[in-house]
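Worksheet: the structure to be examined is printed underneath.
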Amino acid sequence: MAFGEQFYLAFSVALEPLNLFLCFLGCLIGTFVGVLPGLGPAASISLLLPITFKLSPVSAIIMLAGLYYGTMYGGSTTSILINVPGEAASVVTCLDGYQMARKGRAGPALGIAAFGSFIAGTFGTLMIMILAPPLAGFALKFGPPEFVGLVFMGLTMVTYLSSGSMVKALMMAAIGLLLSYIGVDIVTGRERFTLGIATIAGGFDIVPIVMGLFGISEVLLNLERSMAGREVFQTKIEHLFPNRRDWKESSGSILRGSILGFFLGLIPGGGGLIASFISYAVEKKVARRPENFGKGDIRGVAGPETANNAGAQGAFIPMLTMGVPCNVVLAILMGALMIHGVTPGPRLIIEHPVVFWGVIGSMYVGNAMLLVLNLPLIGLWVRLLKVPYSYLFPFIFLFCLIGAYTVGNNIMDVHIMILFGILGYLMKKYGYEPAPLVLAFVLGPMFENALRQSLIISRGNPVIFLTRPIAAVFVLVALLLLVSPLLLRIWGKERPGVGLKED
Amino acid sequence: MTSGTEPNWPRPTNDSPMRAKRKGTGIGGDGLGPQGGKSRMRNREILSSLVGLGLGTLFLIGSLREGLFRKGVPGPGFLPFITALALMGLSLMVFFPALGKKKGEKEAVEKFFPEKDSFRKILLGLGALFLYGVSLEYLGYISTTILFLVFTFRLMEREKWKGPLFFAVSTAFLTYLLFVVLLEVQLPKGVLGIG
């Protein structure tokens with residue numbers, strides 16, 4: 001397909017009235033979720049999943065994708081105004097954003113965050129258009145051994161980039177894999193590890209697990225604390241359009257943030273969070289006067305806020321072209337596509353061009369919508385922050401309950417969700433992260449299937465993963481990542497992920 | 001995250017951006033001070049690694065029963081066996097270092113329940129969720145939702161009645177409209193059939 005044709009297809013799908021409306025709805029809810037601290041994109045996408053069952057696959061993914069990159073816009077608002085990140089990827093925005101607000105420059109801070117996000121989002125979408133088709137073509141050559149290597153490397157990278165202890169993250173990945181084995185074995189058709197319980201004979205569903213681990217547990221953690229002390233910084237928000245000096249100062253940061261963020265988004269375990277942290281570090285390093293950082297430097301807002309949007313966009317590529325989601329949100333999006341009978345992977349662009357190009361078209365439209373939603377309507381979002389948590393959490397609970405029930409019209413899913421809610425709560429208390437568990441759970445069945453197929457091809461000889469060059473590269477990178485924490489400890493350094501914390 | 005009065009979401013202060021880092025491994029006498037209990041992290045790591053070890057053992061036994069190989073190629077128990085073994089090994093990698101830590105070592109680890117009221121709120125919150133799951137199919141969506149919302153709204157603000165009741169009833173009907181009428185999602189009507 002020629003480039004012009006692709007553009008035409010992309011926009012003809014995205015501009016259909018229903019898709020336009022759903023894209024808007026996704027962006028609106030995304031901004032809402034981004035603004036509200038204590039509810040992240042992972043939980044909210046799974047909350048909306050049941051709503052999309054009646055829609056066509058392309059409409060469903062347009063809305064859910066809009067929600068994801070919408071949260072990246074909304075997250076900066078609370079960081080700047082109340083020094084509390086609306087979601088994890090905006091943690092570093094607090095540092096300089098809040099200081100800018102205290103100096104009466106909340107307007108330019110919010111403005112540069114929104115414009116930077118728009119530029120990065122558009123750049124990221126353009127890069128998906130350019131990079132995804134050749135990457136998918138490359139991935140078409142993958143056989144089962146290459147896929148095993150890819151997933152193995154992906155899971156290792158997720159644990160490597162996780163915030164706490166890598167051993168604990170690996171434990172979570174192992175538990176995720178074990179959970180994914182429960183149910184019917186794909187090759188033999190036999191039930192495994194079900195203990196005779198009928199509800200899980202078909203395996204666990206991802207929706208109750210994610211809602212429990214990310215929705216219910218989050219509410220429980222907020223519930224146990226009194227909610228005093230959240231104050232919106234009292235200031236007039238004016239000059240939302242940054243002046244020429246602001247632009248001049250932050251244009252380099254926006255450029256670097258876009259490119260850096262996009263490529264960091266491609267890495268499994270990457271995405272908005274890591275992109276924003278690394279961008280802040282880079283900006284501080286290249287700045288002529290780094291001592292201004294932390295005191296309200298606009299570059300400290302422009303860089304990370306740009307990078308997290310570019311990262312969120314880049315994260316779509318591995319899922320769309322290889323069928324490997326690199327963070328929890330993309331894992332749920334992939335689950336959503338599969339519920340609709342669309343399997344993400346190298347064949348997606350060929351078999352479902354409407355889905356692929358439609359999502360891309362909607363990303364251009366969505367980013368423009370978000371700019372409008374975030375700048376002129378900023379006052380609305382600020383007012384939203386004054387809603388007390390005691391009125392908010394019952395709604396989150398209720399939507400989780402409805403969501404879990406409607407996935408399969410089965411009350412057992414509600415109980416499974418509550419169980420995973422308790423588990424997630426305990427995991428946070430004990431220093432374990434839920435993300436590796438969910439990713440391993442999603443990738444588990446494909447991983448096992450590919451592994452067994454590979455070993456059937458090689459008649460049980462595991463050397464097949466090292467004799468095929470692409471697979472060997474993946475496996476070697478994974479092994480390197482596994483041993484590197486030990487080496488780093490010997491040299492007295494830390495893994496890059498250790499400084500990050502996702503709540 | 002050392003103070004018990006902070007809200008839970010990440011909250012970097014102006015001066016120390018990475019203050020929240022290394023929550024899971026925040027051990028050592030770094031001046032952050034112990035908060036009453038001793039060896040909190042040590043006990044948590046020992047307990048959680050034992051849970052991992054137990055889970056691994058269960059799956060290990062299960063996978064052996066499934067059979068590791070069939071006709072020379074991996075069977076349904078093969079990968080579960082390896083994964084379970086890995087989980088057990090990893091659990092031991094958490095267990096032994098934790099065991100090696102001194103008992104009285106001062107830690108900057110938060111109490112399990114940060115506030116006096118925490119346990120009660122968690123218990124009531126979970127109880128409400130559980131009861132919702134139990135009664136949904138008997139009472140139907142609307143009745144259960146109203147009861148659930150009134151209860152949870154009052155969990156935080158115990159004095160008020162009017163506001164919670166109003167919000168509960170309107171939310172129940174609005175969500176019913178959204179899900180059942182507009183999106184045609186099936187929700188239970190209950191034994192009385194009134195929703």
Side-chain angles (χ1 to χ4, degrees), chain A residues 37-38 50-51 54 84-85 88 91-92 94-95 99 164-165 167-168 170-171 174-175 177-178 181 185 187-188 190 192-193 220-227 229-230 390-391 394 397-398 401-402 405-406 409 411 414-415 418 422 429-432 448 451-452 455-456 459-460 498-499 501 503, chain B residues 7-12 14 17-18 20-25 44 48 52 55 59 62 66 72-76 78-80 83-84 86-87 90-91 93-94 112-115 117-118 121-122 125-126 129-130 132-133 136-137 145 148-149 152-153 156-157 167 171 175 179 183-187:
Chain A
I51 296 180
K54 289 268 163 193
V84 171
V91 171
V92 279
C94 290
L95 302 174
Q99 288 304 315
S165 137
V167 175
K168 285 182 172 178
L170 283 167
M171 272 174 79
I175 291 176
L177 283 175
L178 289 174
Y181 304 145
D185 172 35
V187 181
T188 59
R190 252 171 53 136
R192 291 186 294 184
F193 311 113
L220 291 175
L221 286 161
N222 281 325
L223 200 61
E224 64 179 12
R225 291 158 198 272
S226 34
M227 282 297 148
R230 178 149 58 111
S390 48
Y391 281 92
F397 267 172
L398 182 65
L401 288 165
I402 300 173
Y405 180 79
T406 48
N409 279 350
I411 206 74
V414 172
H415 293 298
I418 299 170
I422 300 171
K429 295 264 165 177
Y430 283 70
Y432 290 84
E448 188 186 11
L451 186 103
R452 283 162 75 178
L455 291 174
I456 288 170
R459 296 203 188 93
V498 173
K501 183 172 163 298
D503 253 79
Chain B
N8 184 59
W9 42 68
R11 180 169 203 167
N14 316 328
M18 309 294 180
K21 78 177 186 178
R22 305 200 59 173
K23 184 188 186 185
T25 51
R44 283 182 200 178
S48 60
L55 198 66
F59 271 94
E66 292 295 328
V73 293
F78 178 72
L79 199 57
T83 319
L87 177 63
L90 291 161
S91 302
M93 282 170 76
V94 176
F112 193 89
F113 292 113
E115 287 169 28
D117 228 9
S118 296
K121 283 182 188 164
I122 294 285
L126 282 174
L129 285 172
F130 179 71
Y132 190 97
L136 183 63
E137 289 188 326
T145 303
F148 172 80
L149 287 177
T152 45
F153 277 133
M156 300 289 270
E157 292 183 39
F167 275 107
T171 306
T175 47
F179 285 101
L183 294 165
E184 293 168 38
V185 171
Q186 296 277 323
L187 289 170

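Bear in mind the structure is a predicted one, so any value in this text is a computation, not a measurement.
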Looking at [options], which one has more heavy-atom pairs under 4.5 Å with chain B than the rest?
| options | answer |
| --- | --- |
| Ile422(A), Leu178(A), Asn409(A) | Leu178(A) |
| Val167(A), Leu401(A), Ile418(A) | Leu401(A) |
| Leu455(A), Ile456(A), Leu177(A) | Leu455(A) |
| Val187(A), Thr188(A), Val414(A) | Thr188(A) |

List the atom of [X], the atom of [Y], and the distance in Å for their closest heavy-atom pair.
| X | Y | value |
| --- | --- | --- |
| Leu223(A) | Lys121(B) | O-CD, 3.0 Å |
| Pro80(B) | Arg192(A) | CG-NH1, 3.7 Å |
| Gly133(B) | Ile411(A) | O-CG1, 3.1 Å |
| Phe148(B) | Leu398(A) | CE2-N, 4.2 Å |

Inset, instruction - May I ask you to check whether over 12 heavy atoms, not counting those of Phe112(B), lie within 6.0 Å of atom CZ? - result: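 Counting other residues, nucleotides and ligands, CZ of Phe112(B) exceeds 12 neighbours.
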Would you mind reporting whether [Y] and [X] have side-chain heavy atoms less than 4.5 Å apart?
| X | Y | value |
| --- | --- | --- |
| Leu79(B) | Arg452(A) | no |
| Tyr405(A) | Glu137(B) | yes |
| Glu66(B) | Arg190(A) | yes |

Reported [atom1]-to-[atom2] distance for the pair [X] and [Y], which is rounded to 0.5 angstrom:
| X | Y | atom1 | atom2 | answer |
| --- | --- | --- | --- | --- |
| Ile122(B) | Glu224(A) | CD1 | CD | 4.5 Å |
| Ser91(B) | Leu170(A) | OG | CG | 11.0 Å |
| Ile402(A) | Tyr132(B) | CD1 | OH | 5.5 Å |

Legend entry - Interface residue of largest heavy-atom contact number with chain A, from Pro74(B), Gly125(B), Ala86(B), Ala84(B), under 4.5 Å: Pro74(B)
Inset, instruction - Tell me, out of Thr83(B), Leu149(B), Val73(B), Leu126(B), who's got the most heavy-atom pairs with chain A below 4.5 Å. - result: Thr83(B)
Legend entry - Ser48(B): partners by side-chain contact (heavy atoms from CB on, under 4.5 Å), with sequence neighbours left out: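 With sequence neighbours excluded, Ser48(B) shows a side-chain contact (heavy atoms from CB on, under 4.5 Å) to Tyr430(A), Tyr432(A), given in chain and number order.
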Inset, instruction - Check each atom of Phe179(B) against the heavy atoms of chain A and say whether the ones under 4.5 Å are side chain, backbone, both or neither. - result: side chain
Inset, instruction - Below 4.5 Å from any heavy atom of chain A, which atoms of Phe167(B) appear? Answer side chain, backbone, both or neither. - result: side chain
Legend entry - Portion of Leu220(A) that has a non-hydrogen atom of chain B nearer than 4.5 angstrom: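 Both parts, backbone and side chain.
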